[in-house]
Amino acid sequence: MADAGFTSSTREIPAVSAVPHHIAIIMDGNGRWARKRFMPRVAGHSRGVDALRNVIRACMDRGVGYLTVFAFSSENWRRPIEEVSFLMQLFIKSLQKEVDRLHSNGIRFRVIGDLSRFDPALVTMIRDAESLTAENTRFNLTIAANYGGRWEILDAVEKMLARHPDKRTGFTEEDLAVELSTRFAPEPDLFIRTGGEKRISNFLLWQLAYSELYFTDTLWPDFDAAALDLAIASYKGRERRFGRTSEQVLEAGAAEGKGTTPAGRHA
Ligand code: IPE
Ligand code: IPE
Ligand code: MG
């Protein structure tokens, strides 16, 4: 079931904090980063792991609580077999190398997505890493692997129906949201896509309903703490209205004695 902090942005206006509580990232542009350097595409994926390590640290330093990153989409199986195999090996190697460090830094590690297509050895490694870090509370790192937003919604619907075998109608958003693979996390405050494309590519379709969207041309291997700060600065300048008027946002902020924009600039 959901954690205590669970809210649905369409049903209840969530608390807005100066630093995004949850950041979701489509880590795109690895292949182009490598091609620009006359390197094989997969070299970009290796460098992408380094970028992720730095971004995790930067998020922790800035007080972000949740980071959810898109590592492999349900559509990425369409890539050349050599690239898919390389990505799977890289996943295994990175887990072997990083899990202890994640754990010693108090990071809770999770993988979301349909793991049924993965090598059983990889699935075991993932589940072991999740169990090892299950009590950690300092930071939540979630890797979306063989993940697709549509798959997740269908999966949640099936789970919801199984949980309520006698019910046919009258479901609420909460009934579905608690079956999503991200049920442990608040909805993302900030969505970042690197690599210049301006699309969602089947990532977190349900959860991004009211997230602030940020697109940058920076290729993922080049995305660093400074680049993250630019994204957070952009976020701080947004007025998160959740359907209300700007005047209502101002009033609500004044009544609460703090801003309801991320920067709190109406405080
Ligand atoms: C993102 O980088 C990583 C994965 C999808 C696994 P890409 O591999 O998509 O890089 P580009 O978009 O081709 O540059
Ligand atoms: C999205 O990137 C998936 C990941 C970053 C893992 P893609 O590179 O696969 O997205 P499209 O194909 O350009 O939409
Ligand atoms: Mg891409």
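We're numbering straight along the sequence, starting at 1. Counting convention: from 1, in listed order, for ligands and their atoms alike. Given the structure is predicted, the values throughout are model-derived calculations rather than measurements.
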Distances only, to 0.1 Å: what are the N or O pairs between ligand 1 and the protein that fall under 3.5 Å?
residue  : atom   : partner : partner atom : Å
ligand 1 : 2 (O)  : Asp28   : OD1          : 3.4
ligand 1 : 2 (O)  : Gly29   : N            : 3.4
ligand 1 : 2 (O)  : Asn30   : N            : 3.2
ligand 1 : 8 (O)  : Arg41   : NH2          : 2.8
ligand 1 : 8 (O)  : Arg79   : NH1          : 2.7
ligand 1 : 9 (O)  : Asp28   : OD1          : 2.8
ligand 1 : 9 (O)  : Arg79   : NH2          : 2.8
ligand 1 : 10 (O) : Gly29   : N            : 3.4
ligand 1 : 10 (O) : Asn30   : N            : 3.1
ligand 1 : 10 (O) : Gly31   : N            : 2.9
ligand 1 : 12 (O) : Asp28   : OD1          : 2.8
ligand 1 : 12 (O) : Arg32   : NE           : 3.4
ligand 1 : 12 (O) : Arg32   : NH2          : 2.8
ligand 1 : 13 (O) : Arg41   : NH1          : 2.8
ligand 1 : 13 (O) : Arg41   : NH2          : 3.2
ligand 1 : 14 (O) : Gly31   : N            : 3.3
ligand 1 : 14 (O) : Arg32   : N            : 2.8
ligand 1 : 14 (O) : Arg32   : NE           : 2.7

Exercise. Which of the numbered atoms in ligand 2 are below 4.0 angstrom from a heavy atom of Arg199?
Worked result: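 It comes down to these atoms of ligand 2: 11 (P), 13 (O), 14 (O).
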Exercise. Does the salt bridge (charged side-chain N to carboxylate O under 4.0 Å, His left out) test come out yes or no for Arg110 and Glu130, once each step is laid out?
Worked result: CA-CA 6 Å; Arg110 297 178 179 89; Glu130 288 177 332; over 6 Å; no
For this session: Measure the acute angle between the ring planes of Phe72 and Trp77, then classify it against the limits of 30° and 60° as parallel, tilted or perpendicular.
Result: perpendicular
Exercise. Can you say whether the rings of Phe70 and Tyr147 are parallel (under 30°), tilted (30 to 60°) or perpendicular (over 60°)?
Worked result: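 Correct class here is perpendicular.
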For this session: Report yes or no: is the cationic atom of Lys36 (NZ for Lys, CZ for Arg) under 6.0 Å from the centre of the six-membered ring of Phe38, at an angle within 45° of the ring normal?
Result: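 Relative to the ring axis of Phe38, which defines the angle, Lys36 lies outside at least one limit.
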Exercise. How many N, O or S atoms of the protein are nearer than 2.8 Å to the Mg ion (ligand 3)?
Worked result: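 That number is 1, waters not included.
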For this session: Report the C-alpha distance between Arg163 and Asp175 in whole Å, list the side-chain angles of each, state the deciding distance to 0.1 Å, and finish with yes or no for salt bridge (charged side-chain N to carboxylate O under 4.0 Å, His left out).
Result: CA-CA 9 Å; Arg163 193 188 292 279; Asp175 289 334; over 6 Å; no
Exercise. Have His22 and Gln207 got a donor and an acceptor in their side chains that come within less than 3.5 Å?
Worked result: no
Seminar exercise, completed: From the list Leu90, Val111, Ile126, Leu102, side-chain contact (heavy atoms from CB on, under 4.5 Å) with Leu95 holds only for Ile126
Exercise. Under 3.5 Å, side chain of Thr245 to main-chain N/O of Gln248, donor-acceptor pair present?
Worked result: yes
For this session: Check for a donor-acceptor pair, side chain of Glu239 on one end and backbone N or O of Val249 on the other, with a separation under 3.5 Å.
Result: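 Checking the backbone N and O of Val249 against the side chain of Glu239, no donor-acceptor pair under 3.5 Å is found.
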For this session: Using the salt bridge (Lys or Arg N to Asp or Glu O under 4.0 Å) rule, pick out the option among Arg199, Lys198, Arg193 that qualifies with Asp28.
Result: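 Only match with Asp28 under salt bridge (Lys or Arg N to Asp or Glu O under 4.0 Å): Arg193.
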